[in-house]
Structure formats: structure tokens, C-alpha cells
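A quick write-up on the structure given underneath.
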Protein chains: 6
Amino acid sequence: MLVPELELFLMEDVGKFDLFHDLLPDKLINAKITVKEDGILAGLGEAIRIFDHCGVSSSYKWKDGDAVTGGDTILDLKGSSRAILQNERVALNFLGRMSGIATLTRRCVDMTAHTGVRIACTRKTTPGFRRFEKRAVMIGGGDPHRFDLTDAIIIKDNHIRIYGMEMAYKYAKDAGFMKKIEIEVENAEDAIHAAELGADVIMLDNMDVSTIIETVSILKEKKLRDSVVLEASGDITIDKLLTYAETGIDVISMGMLTHSSRWLDFGLEVD
Amino acid sequence: MLVPELELFLMEDVGKFDLFHDLLPDKLINAKITVKEDGILAGLGEAIRIFDHCGVSSSYKWKDGDAVTGGDTILDLKGSSRAILQNERVALNFLGRMSGIATLTRRCVDMTAHTGVRIACTRKTTPGFRRFEKRAVMIGGGDPHRFDLTDAIIIKDNHIRIYGMEMAYKYAKDAGFMKKIEIEVENAEDAIHAAELGADVIMLDNMDVSTIIETVSILKEKKLRDSVVLEASGDITIDKLLTYAETGIDVISMGMLTHSSRWLDFGLEVD
Amino acid sequence: MLVPELELFLMEDVGKFDLFHDLLPDKLINAKITVKEDGILAGLGEAIRIFDHCGVSSSYKWKDGDAVTGGDTILDLKGSSRAILQNERVALNFLGRMSGIATLTRRCVDMTAHTGVRIACTRKTTPGFRRFEKRAVMIGGGDPHRFDLTDAIIIKDNHIRIYGMEMAYKYAKDAGFMKKIEIEVENAEDAIHAAELGADVIMLDNMDVSTIIETVSILKEKKLRDSVVLEASGDITIDKLLTYAETGIDVISMGMLTHSSRWLDFGLEVD
Amino acid sequence: MLVPELELFLMEDVGKFDLFHDLLPDKLINAKITVKEDGILAGLGEAIRIFDHCGVSSSYKWKDGDAVTGGDTILDLKGSSRAILQNERVALNFLGRMSGIATLTRRCVDMTAHTGVRIACTRKTTPGFRRFEKRAVMIGGGDPHRFDLTDAIIIKDNHIRIYGMEMAYKYAKDAGFMKKIEIEVENAEDAIHAAELGADVIMLDNMDVSTIIETVSILKEKKLRDSVVLEASGDITIDKLLTYAETGIDVISMGMLTHSSRWLDFGLEVD
Amino acid sequence: MLVPELELFLMEDVGKFDLFHDLLPDKLINAKITVKEDGILAGLGEAIRIFDHCGVSSSYKWKDGDAVTGGDTILDLKGSSRAILQNERVALNFLGRMSGIATLTRRCVDMTAHTGVRIACTRKTTPGFRRFEKRAVMIGGGDPHRFDLTDAIIIKDNHIRIYGMEMAYKYAKDAGFMKKIEIEVENAEDAIHAAELGADVIMLDNMDVSTIIETVSILKEKKLRDSVVLEASGDITIDKLLTYAETGIDVISMGMLTHSSRWLDFGLEVD
Amino acid sequence: MLVPELELFLMEDVGKFDLFHDLLPDKLINAKITVKEDGILAGLGEAIRIFDHCGVSSSYKWKDGDAVTGGDTILDLKGSSRAILQNERVALNFLGRMSGIATLTRRCVDMTAHTGVRIACTRKTTPGFRRFEKRAVMIGGGDPHRFDLTDAIIIKDNHIRIYGMEMAYKYAKDAGFMKKIEIEVENAEDAIHAAELGADVIMLDNMDVSTIIETVSILKEKKLRDSVVLEASGDITIDKLLTYAETGIDVISMGMLTHSSRWLDFGLEVD
């Protein structure tokens, strides 16, 4: 976190002038943050950074990515009562949001581990908070996918509708040799077309499991399978995840990792 | 949205230099944003503002707070193909996140409407995005509760543990006559104490329904009920909501409105 | 002070590139800041923060809020001659402006101490500097009143003219149960109306002393006095302050604390 | 005003989310800003810019620098009731602060007009607001003096104490041929020394009137008067201003223009 | 350009308060920007944006990427004399710097056009100005290469020295399936190793022409040539460019496009 | 460098999330930065500041302004392998760009040292990076000239064309007594006129050497030479520099110091 960014996060919660905490007589206290339910820890680095910025020292035995159990103490804090009471909420919000995402991601990753499929998130993230949400996915064992429109190119249905796949692909190639190009398709025929054009990645969007299996098989037949990464996408929820993972594709991207995960519950208690 | 804030949200998604869209031949196109499931619309104002900033004109018949049905067209867009393809994701993310919160809030509000109880959110919000999340709660019919530590004072269990309720209350009073003071309690006895001190609001935290009912009744007996607002809080989920709402309290605050709501699904389609 | 804010204050005075001080051979020096007239010290915390940021160490025996006498040494500094000469002005400006406000505030507070009335400032503050001006009022013993339009609601004459008192009050109540609501009135009748509506605070604006006394008395008669805070406002200057303070009201708000206070004089001298 | 700067000034007063004004039914209204006492108008440009940014149209017949009379209407506004009520305070604060400074400046300028002396302000300005305060001085007919440590060099008593006048002057010359160099002195001997070194400006600091007259006369004798600008400085208040202005110097700098001026009173009234 | 960014560029040149231009009586004038030597035009979009922001209207017949001849008028301007005189330098600086880069790039591109090799720039760019420098390269017909460490991965000599090529490659793969991975090598053996690992791009760093030719030939023999992009790098100057371009590689990256190009000369003249 | 500025420079190169370096196992390493060709060192202060901010410690024996020889080690670094690999490029870019400018400046300064002429740069600088480019000029022994339109006034040909020299000069004088005023002229007659008006500096723009010599001589004759600084300007390149320097003028300003200097080459090597 950059210093101005960190301070803006704190100020969002403190407001203009938190006179109440300023007036309280300052005491040296101990406090601890505990997790209240099982999950995967994420946001610990951010929480430590926040307390450090406020002059509160922290000690801990867990690290981001660890599986923790309800009741575990995550951080032991020592410092000014004012500083702890004034800044705890932001640290807890980082922990809650990021661990929630990491926990759901890990669950998906574990479910599909035997298939070798990568679980990726999407760009469906909270405006202004994408970096932290993608980091949480990674901590959970998932893949961050692209961060923005600059770092890789996806030719989506709307691009194809306006420009056609070939023309869109030509412009994508012109945009720089260091970017991967992905093409979104909805049937086997288009997948073959995309592979023949030279796409690095093909997104099989909203296809059912049998269509995907068939598409993979045709690509193999045509000796096009090895040169592309195959990604399945489109409202793939947990209950359908396993069957998708076993179709022979490489990546499953799941918007729900960020748009439908709930927070993990944490609390801070003064000793 | 401030101009720099709006541009930072867009830049988070566009990245340093979205060469692909810059290279595409620009065309004047029509596109529409549709909602894919039933819910309460929120974030429309933000979406319109985003497209307007990018030179894309929008027309619409719904407004924030309206109940929409899966399949409804929310926005008709007309403008540059580059501008629409380059900026759609941020608008969709505002709509998805904010409508998700508004939808859950409205559900809680409707369930409890006959009781007159206010449904409020908490400070458990995504860092950097609180203003929009609280606005979504309001659009859903909920109460924004306090925005930060400056605008009102809550004396929580940790404050009481360190300073005692009376001393904490004294400092709270010194912090300005224009702020409401809330005291968090866990039993009837402390609730009476808080009311006698003069608290504007009393938070009945993690109390079960029968304890709340009893506490309300004792406060009435002691003629303290009318001078305070009573708020119930502490992991009150939807299935328990109604019984809490019928205890005679004034406000129920629910962290889940922001920390466990999932997005409403929206998509953009080029005509 | 946030780091970027602090650095912007320094850069406002240093400019793009203070080559003169950069060229001077650096020496380790001692310097001291003295106050040149009697007053109440404020801005000391900010001055120390500034010197600390520039690597200059400071020692001191006074604290913000102390009454100091012309000639007193406020800060003893030790550090790089370049750093001290390059950054002193900003520290002195904080001290001068904030101590000036604190000094005037304390004078008003002391004059009215026997009455129990609170002396509050207003939103008539220098754009961009409100937090520091309100902090200075507090250091002087005054009340910060509201910081912005979000943290509390005042229904003013213009609101009443456009919407009527009752309708305006209804919208104010909808804006959140955690905000205090104040209504501005200019006669006893409206004060009674405001109290009956349930206003937390009533601002008696531009009333003369006898009208205020009468209004207080009517409110008492109608058993409405105890449920509201009464604030007198409207060009109340020092010479009229005492008579207003003895009318039985709770708060006097004075724009002059920030808009007509002059600086306290400070200087820095190298040993 | 830069867009982000303007929006930050507005946000300082509006706060996170001014729900009350958002809830009020919007109406098209007329309003006017009047000045309540005689003075010199300044900040009009800023006020117009603010209302323009908020979509409120303004018409006016006065301009910055005009002498206005208590009761004059300064701005006629037409626009959304929400926008006017939500943003008026910032516009009024610019008008009040800047016109207060311009009024005091004009008074000093008028008093000394027959002498040809320039009235200048200093760097004793509110942190973050210097540009506007210096602009107000100029609108009042005064000279802005230097804006920061970069744009011109002043060798002050502290510099001389540490480095000696000659050595400090040598470094000042090295700092760039496009900067004027001013040397602060406290007696005639040092003034002569400074003039002989080649200073562009000599600040006669804290000298009494007779010493200044004598110093001017010696400089003339030595044929050094014409090559330097002479500036008198050091707590020169209004009552002493005329006698200083008649000593034959060129500039009088007065910290009080910014540190002891009070606001001019303005109000906004809805029609 | 974002609004705050644009305004900061302008403020860097205008400074705190350009009183001189503010005092000049404003006139409606025509002016034109001419290029003084032959080259490739770039920065025109930025220049137009700047004048538009300042209320100056511009008309033009050229576009970015066009070859222009010394003496050509690039922009015809019409607007306030103050606005044009106050803001011209920044527009000229964009034109000069960006056209200089585009001109050199085009020269390299044209020299090697028959080989099909892409000319790319590097990350050796002016801090804070990379986006504009890379855009200029593109306008000249070059490839922007990666923008930052996030959007693609290059395993450089220092990485290999510390971690070994294989281990570094393993971590690179873990960093996301949407990123291309490039490996820097200095001999044929390592190039083969890199290709076998699966690198998307191999940077042949500081190899002489004959070694490159040999490396390409070995890769072909081993059937590894088609699956990788080959990039030559390392102080390849214009005089050596052609021989490198004819070695059978795909990309030549040249730091000199940004670190050793000189500006193209432009001037603004008032009619 | 301000903290936010420093962090933005680093973020420009790191991007949103440099996962590759984050994944690499961190090791304590030594590394060194060497210069690869002879030149004048500049940007060392900035490089040290950058590494310090990243927790990498540096030791060095050279300082900014020293003449260094190809092969010299400039900085010995010790710290985290991640931190060094992730942040080196920005430090190298500061060194390369600033040392390139300092090297060219020193060459010009040395060539003309015997004449006493000052070598100055102009406002032809990379947008956003002027402070560092002017600092590099100074480190090379040159003069920074004015930083922006506020700190000194130049009346250029366009001003004279629109307003006439006398009227423009009158407004310049009104803009503040602490600013130097320079007038740009193209012939001896105008130079005399400018000197008689009282200009502090006269820019002899695009004059050939003999015209300059003649102009100096006429100014001397008319006893106007000593009261003005004479600056020659207008595409004065290195090969013409000496003859210009020997014309009897005071300053030569050279746009090429910043617009046509190439970088000095530096590299970082892990031990």
C-alpha cells in the first residue's frame, strides 16, 4: 500500500477529527484480533501495515494463506489505546473482505486440485479495491487473470459483433507483441477459428459441459489443442464447478470469487 | 463522484494505455445494459455519470430504488464503440455491487415494515468504497448509520473495558454538543445505566430476543424508554430478523447488508 | 496531518526548488521559537510534526492549551541549518493562526464560565483549513460544532422559506437516526414549534437578549425546555457576550472566533 | 482553481454524503448574495466558479476590486435549490476572507497613495490558502511579494547570523541569475554594506522612522539609493503606516494584511 | 490525459500565480504552431486537449503519425491572448518531445520494414512520462513493449544469477496464465534451454550478429523456432540496426528511442 | 522528492501488482550500480532516496557533480533481492536522464569557463519532470533560469507583437516588485529601448555573433551595459557556443541541455 492510499483508507473511517478518541487519556494496552470462524487468512499483511503506520506493534504466528480455525488469535497488538481504538475497523475490514475471498477461492481450488485446472477471478471487483481483491484470490491459490485492459487483450462477443473476429484479432496483434490475446467464443466452430488465427487463450463462454468436451476433442483432432490455453467462463457456480473442471480445459474463471463471497468474521478484543 | 475519483475508477480498469481499443476503428453504436435477475436498482446515477464523462449518451426510464425484473433494459446507450467497450466494466461494477446491496436491504426493510423498525448498515464496508455502499443501503430503504468516527460517537465494549462507561461518556460529551452518543451494552442493567447517563442511543449487542424484550420493558418501567433510541445489533441474519424487529426496539443494524450481499447481475450488449 | 497534506503545506512555502538553502553549507545549529505576546498556545503539535518530518528534533515544556506569556520559549530546536531555515515559516504560520484562535476562544470561555454556556465556532472557516481552525477552538476550550453538512443537520431560514419547517424536518429525520437535528428560528413561536416537532437543538438566530429570555421562559412553561439544547447565534461579539450567556441558554456560537481573530505573534531565532 | 482543488474545497464543507439535501425535493429557485457592510470586493471570481461547477448560473454587475456598500447585491443566482443550499457556504467563505483582506489592503494603499509607496503582504498566510490570500492583496491594490522560497531570495537575520552577509550573498548569487536578492538589515551600516554587495532589495527591519530617514539619506550620499529597492518591515500597523510611508522608501510590507484582517460579512438569501 | 494530470502539467509551467498574464488586457487573437524541421508528428492530440482545456479552439489538417515538413503549420489557434500566452509552452513541450521520439522510431521502422522485424522501446523512460513516450513510439510505428513489471514478465540475467532460470520460470508461471514470459539469454545454449522451458519470448541480449544467426539456426534445427518470439536487445544503434534486423529475429528493442532521441522543433507565432 | 511523488514514480514501473517478484523467495543480496561511460554524475541523491524508501541500504564514495569514468561503481547496495529487482529501473532512469543532462551541461560550462558566461537551461523540459531536469543542469554547473511563469517575467516577441514593449513592461512592473523582468529583442535598437525602460535582463534572441558584439558595444556607449544582464538565446549549439560566449554577454541559454541530451549509461549487477 502506498502511504497516501493507506492514509486515505484510515481517514475514510476516522473522518475529519475524531475528537472523542483524542480526548480519552492514552494508555498502553494489549489487544488481540481473533477469527471467529474457519477459513483462509488474507489481509494480514495489510492489517500489520496499518497498525505499524499508527505506531501499534503486532506479533503473529500465522501468515496470509494459512487455514485458520474459529477462535484462533491472528494478531497480538500492543500500543496506545487511542491508536488501537481509532484504527481497528479498517484493519478488520481488510481482514474480513480479503479472507472471505481467499476462503471461497481455496475451496474451489481444493475441489478441483486433482484436475490441474487453474481457478481465476475476473474484473468484477469493487471499484478502487481491485488490487486487494485479486491479491486475496491469489492468496487463496487462484489466478489473478488480467488486472486491466492494458495488460492483456480479450476479444469479447461485443468486439466480434462490431468488428468481426479476424479484424479484431489483427488490431489486437498490433497492440504489442508482449500481450497475450484471448478470444471469447460460444461454440466449437468459433473456437477452431480462434485457434487457427493464433489466439493464446480461448474463452469458452456460457457453454455447457458436453459442448466443452466436444470442443476440446475437435481441437485435439485438428492438432490445435496444445497451442492454446482453454478457459471456461460464465456463471460457473460451486455446484457445477467439478464437472467443468473435468472437461479437459485449463482455466475456470469465476466472477463469484469477488462478487458473491461473504466476509470472514474477525473481532478485536482489549485484554 | 468527484472528477479525480471518477477518473481513478476508470483508470483502474483501463490501465496505462489500452492500445487495443485505441486502434479499433471508431463507430457510432447503440448498446443496452440489461439486468439479468429481479432486484432493486442502485448505481444507476453512477453509471450514467461514467458514460457521460466518456461522451456516451444514455437514456433510461427506471431510477435508483426501483424494483426491476430480470430482462429489463436499464440503460440505452449511444456513442463511440471505443468509449463504450473501454468503459463498460466500471459502470457494470457499480450497478452490480450497489444493486446487490440495495436488493438485500429492501428485502429486510419489507420484512419488517409493519414494525416501524429502521434497518441500518454498519462500518463493515469495503475500504475506499463506503460512500457508495452506504448510498446503496439508503436506496434500498435502509439507514446509513454513522459514516465515520467523527460524525457520531459509539462507546463500545472495548471503551468501557478500558475507561468505564461513565468516564467514557464524560469524554464523549466533551467532544461536541452536536454529536449523538450511543452506548453499547450487553445486559439490561447496563442499558439502564446508559439511559440514566443520558445516552441518545443504546446498542443492545448480541442479546437474545427475550433479553431484549425484558430490557425494553424495564426501561419503560423506569420511564427511560422514550428518551433513547434502541438499536439491536450482532450477527442478526435474515431468518432471525423478524423476531428481533418485533421486540419493541427502534433500529436493527446488520453488517451483512454490506459484508454478505452478493451482486445483482447486469450485462451490456451491443445492438 | 496526513503525510501528503504535510508535504503540500511545506511545498507551498518552499516552492519548486529552493536552491539558495540547498547551496548553503549545512551546519548543526540550535534555534528557539518564542511567543512574543500573551496568549493560549495552539498548533504546537503541528509545529513539532513539521520539524520532525524535516529531521529537526524539538524539545518543549508547554503543551497545546497552556497559557503562555510574551517572551516564553515554546520550542527548542536542534538540527540542520538548512532544514530549519527552509521550513520554519510553515511551523510559525500554524502556531500564529491556531494560537490566535485559541486565545480569543479562551477569552470568551473564561468570560462565560460561571454560566455553564458552551462557546462554539461555526463553518465560517478558511477553505481547506477547517480542521485546524476547529481544533484550535477546542484547544481554547470551545466546541467545534458540526464539521460539515453530513455530520449533523441544521434547518436554516432558507430551508424553511422553501420547504416549510415541518417538511424540512421530515426529510432531516429520514437522513439517518444518528444525526442531531437543529432548527433555526427567529422568534419564540417558531422555537416552540421546533421543540414540539422534536428538534434536538434550536438555534435562536439574531434574537435580542430580552426575546431570548422570554423564549426560554415560554419553553419552560410548556415543559419543552429540558428536551432541547438552545443555541444563540448571529453576530454575538465580545462586548455583548456576557449578557447573552446569562439568558439561560446552553450554547453560543460565534463566527468571529475564526473570521475575526488575529494571529498570535511568534518568532524563530538561531542561537 | 484546479478542478480537484475546487472539489476538495466543496467536499470539506459537504462531507461524505449530505443526505439531507439529497432528500429534499429539488426546485428551481432564485437567490442573491448580498454584502452586509462597506468594503472592497474580492473572491467574486472564485464564488462564480464554484456555483458554475455546481450547475448554478450567476449574474452580477460588480467585479473584484470594486468598492461595494453594505446592502449591495453581489450575485444573483438561479438554479437547483439543492445545489444552492449545499454549496453556498464555501462561496461565502471565499468572499468573506478575500474581501476582508482586500478591504484592509485598499485602506492602506489609499492612505499612502500620495507617497508612491507599494504596500506588500508577507508569507504569513494560512497554510494551503496562500494563493487566494495573495490574490486578495493584489485585488486590494497591494503587491504579492514573493510566493515562496524559490521565486526570490531573502537573506534574513538568521542567515546572516550563521553564514555572514557576504557568504550568504555569494550563495544567493549562485542560485540563479533570474532571482532578485533581498537582504534584511537593522541599521544604516548594514544597509550600506548590502547595497555595496549588489542587493536588489534591502529590507529595513524593525527600524524606527528616524533611523530609516537617516539610512535613506546616507545611501543617497553614497550614490547607492538608486540601484536598490528599499522595503520597510516589522509590525508596521495602520496608525504608524503614514509616517513610514513618508520616509522615502519604496515598499512597506505588512503581515497584518493577512494575519490580522477580519472577514467582510456576506449572506445568501433565497427569494 | 486525466483532468488532474493535465492541470498538474499546466501548473508546473504556470506556477502559483502568473500575475503578469492575468494583468494583460485580454484580446481575441489568432496564432499558429509550426514545425521547424522535417519529422513525424506526435503529441498533437495532447496539444489540442491542452488548448481545449484552456478555452482556446484549434483547427488542423494533420494527424499524429503524419510526416510533416519544416515550415508546416500544425495547429491554427483562436482564443484569448492570455490563455494562449500562458499555456503554449506545455503544448510545445508535448509536441517537441513526442515528435522527436516518433521521428526516430519511424526512421528505424522504415529502415527495417522489408524484414518484418518489430522495433520496440524499453522501460528506459523519463519517470512520470512513460505513457506519453510509449505512445510516441507507437505513433512512429514501433511497439510499446511492456509498460510495467505487472503486465508481462522478463526473467533477466540478475534473476537467473540469483534463482536459476528454471526456478525463476516456475515462479513466473505461477504469477498468472495471462502474462507472457520472456527470458533473457546471452548464448545459444541458454536460448535453447529457455525455449524448451516454454518461454513465450527470448531476449538475445548483447549478442553479436553472427551469434544471433547461429542461435536462430540451432533453434530451427531443434524445431523450437516457431513457438517463440525472438527479441534482440543491448545497445543496438542505428548504424548496426539493419544487420541485426536481417538475422531472422522478430523484434529489436532499442532504449535509444526514448533515451537518446532529441526533440523536434516547434514554435508558436501570434498572427 | 515528496513521498507521494516518489511512490508514484515507483508505481509507474511496478504496475498494479508485480506478482512475479512477490513470489520469488526473498534473499539478502549485494548488488552494485556502475556507470558504463565517462560523464558527470547526477541523480545519485534520488537513487539513494529510492532504495532507502524500499529498505535497501546503499553506500557510495561519489557525489552528485563528480566526474566519473566508465566502469566506476556508483552505488553498493545491500538488501532484499525482491526490493532490488523490483525497484532498480526507476533509480537507473533517474541516474541516466539526470547524468546525461549534467554531462552535457558541464561540457558547455567548461568550454566557456574562461569567459565568465553562465550557461542556463530553458523551460523546454519533459512535462512533470522539470524540477529534476533543472537540478541536473545545476549539478552540471549551469543556471536553472526561471522555473515557471510566476517566478520571473519574460516579455517575448509574441507579447510585444500584441501589446507593444512599453505596455507589456508596465504590466510586468505591476506584477510585483520582487520579480526580475526580462525583455526579448532581436536587434540593437530594441535592446537599447529595453535597457532604457529598465529591464533587468535582455534576451538577445536569434542574433548572430557580430550583431551581438555590436549591440553590446552600443549599450556600453550609452552607459546602459552595466545595469542589465545580457542573455543570448536561440538554437545555440555546441559548435557555435564558444564564439557566442566571447561576445561580452553574461548568460547563454541552451534548450538543448534538456531537449537534446542523451542519457548516460548505467547498469545494476547482482554480485
Side-chain angles (χ1 to χ4, degrees), chain A residues 1-29 43 45-58 79-94 96 126-132 267-268, chain C residues 1-11 42-46 48-49 52-53 63-65 94 98 101-102 105 118-152 176 178-180 251 257-258:
Chain A
M1 263 189 288
L2 308 185
V3 170
E5 186 182 33
L6 168 60
E7 293 189 330
L8 284 177
F9 286 137
L10 290 174
M11 279 303 138
E12 187 192 45
D13 194 58
V14 170
K16 290 208 170 70
F17 193 173
D18 173 16
L19 192 43
F20 172 51
H21 286 110
D22 278 12
L23 288 172
L24 292 176
D26 210 0
K27 301 191 176 178
L28 182 67
I29 62 168
E46 284 75 11
I48 291 167
R49 178 79 201 280
I50 286 166
F51 285 114
D52 182 56
H53 187 81
C54 304
V56 174
S57 66
S58 48
S80 136
S81 57
R82 280 185 195 161
I84 291 174
L85 293 169
Q86 197 170 54
N87 297 291
E88 58 163 311
R89 175 54 34 219
V90 183
L92 292 172
N93 287 355
F94 269 94
T126 315
F129 205 63
R130 180 175 290 169
R131 278 197 307 136
F132 300 101
L268 179 144
Chain C
M1 264 188 289
L2 308 186
V3 170
E5 187 182 30
L6 168 61
E7 293 190 330
L8 284 178
F9 286 136
L10 290 173
M11 278 303 136
L44 186 69
E46 282 75 12
I48 291 167
R49 177 79 201 280
D52 182 56
H53 187 80
K63 64 179 190 306
D64 280 333
F94 269 94
M98 290 180 69
I101 291 172
T105 304
R118 279 197 174 200
I119 302 298
C121 59
T122 68
R123 280 161 50 237
K124 295 182 179 175
T125 55
T126 314
F129 206 63
R130 179 174 292 169
R131 276 196 309 135
F132 300 101
E133 292 174 339
K134 295 229 171 201
R135 188 191 297 269
V137 166
M138 268 205 21
I139 288 170
D143 190 294
H145 216 290
R146 64 175 176 167
F147 278 90
D148 53 44
L149 300 177
T150 295
D151 59 15
M178 284 296 276
K179 291 176 205 300
K180 284 207 176 170
V251 178
L257 298 184
T258 50

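In the text below, chain A, chain B and the rest are named by the order of the sequence lines, each starting its count at 1.
Using a 4.5 Å cut-off between heavy atoms, C:R130 makes no contact with chain A at all.
Side chain of C:K134 to backbone of C:T122: a donor-acceptor contact under 3.5 angstrom is found. The main-chain N or O of A:R82 is found under 3.5 Å from a side-chain atom of A:D26 such that the two form a donor-acceptor pair.
A salt bridge links C:D143 to C:R118: one of the charged nitrogens lies within less than 4.0 Å of a carboxylate oxygen.
Using non-hydrogen atoms only and a strict 4.5 Å limit, the part of residues 16-24 of chain A facing chain C consists of A:K16, A:F17, A:L19, A:D22.
Contact detail for C:M98 and C:A136: the closest heavy-atom pair is O-CB, 3.4 Å. Across all non-hydrogen atoms, the minimal contact from C:A152 to C:K179 is CA-CB, 4.5 Å.
The aromatic rings of C:F94 and C:F9 stand perpendicular to each other, their planes meeting at an angle above 60°, with 30° marking the opposite boundary.
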